[in-house]
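Reading through the structure tokens given below for one structure.
What's counted below: heavy atoms across the whole structure, side chains too, no hydrogens, waters or symmetry copies.
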Amino acid sequence: MQNIVITTDLNLEEEAKVIKSLESKIAELKELKDERIAKVKKL
């Protein structure tokens, strides 16, 4: 079996950190959205 080396301009480790950060922000925003929806339904 031959090993394949992939070269890229992207720093994959940095990109992974950015993705994790975005996922965290998305979760925060979803929570805020759900709270607002609950508030509106209550009214």
Side-chain angles (χ1 to χ4, degrees):
M1 185 175 215
Q2 182 181 0
N3 287 341
I4 298 172
V5 177
I6 299 172
T7 58
T8 177
D9 290 338
L10 291 177
N11 179 343
L12 295 180
E13 195 172 318
E14 187 62 32
E15 289 297 315
K17 287 179 188 175
V18 170
I19 290 168
K20 285 288 185 190
S21 173
L22 290 170
E23 287 173 342
S24 175
K25 287 179 183 180
I26 288 169
E28 277 182 53
L29 290 170
K30 184 183 181 312
E31 190 176 320
L32 287 172
K33 179 185 118 181
D34 291 345
E35 288 172 8
R36 293 294 174 128
I37 288 172
K39 195 179 199 179
V40 167
K41 286 181 178 178
K42 203 174 182 181
L43 299 174

Open item on the list: If I take atom CG from residue L29 and atom CG from residue D34, how far apart are they, to the nearest 0.5 angstrom?
Closed with: 11.0 Å
Task: Distance in Å, K30 NZ paired with E35 CD, rounded so as to fall on 0.5 Å steps - done: 11.0 Å
Task: I4 atom CD1: more than 12 heavy-atom contacts under 6.0 Å - done: no
Open item on the list: For E23, I'd like to know if atom CD has over 12 heavy atoms of other residues, nucleotides or ligands within 6.0 Å.
Closed with: yes
TODO: Calculate, to the nearest 0.5 Å, the distance between atoms NZ and CG belonging to K17 and L22 respectively.
DONE: 14.5 Å
Task: Test salt bridge (charged side-chain N to carboxylate O under 4.0 Å, His left out) applied to K33 - qualifying residues, sequence neighbours left out - done: none
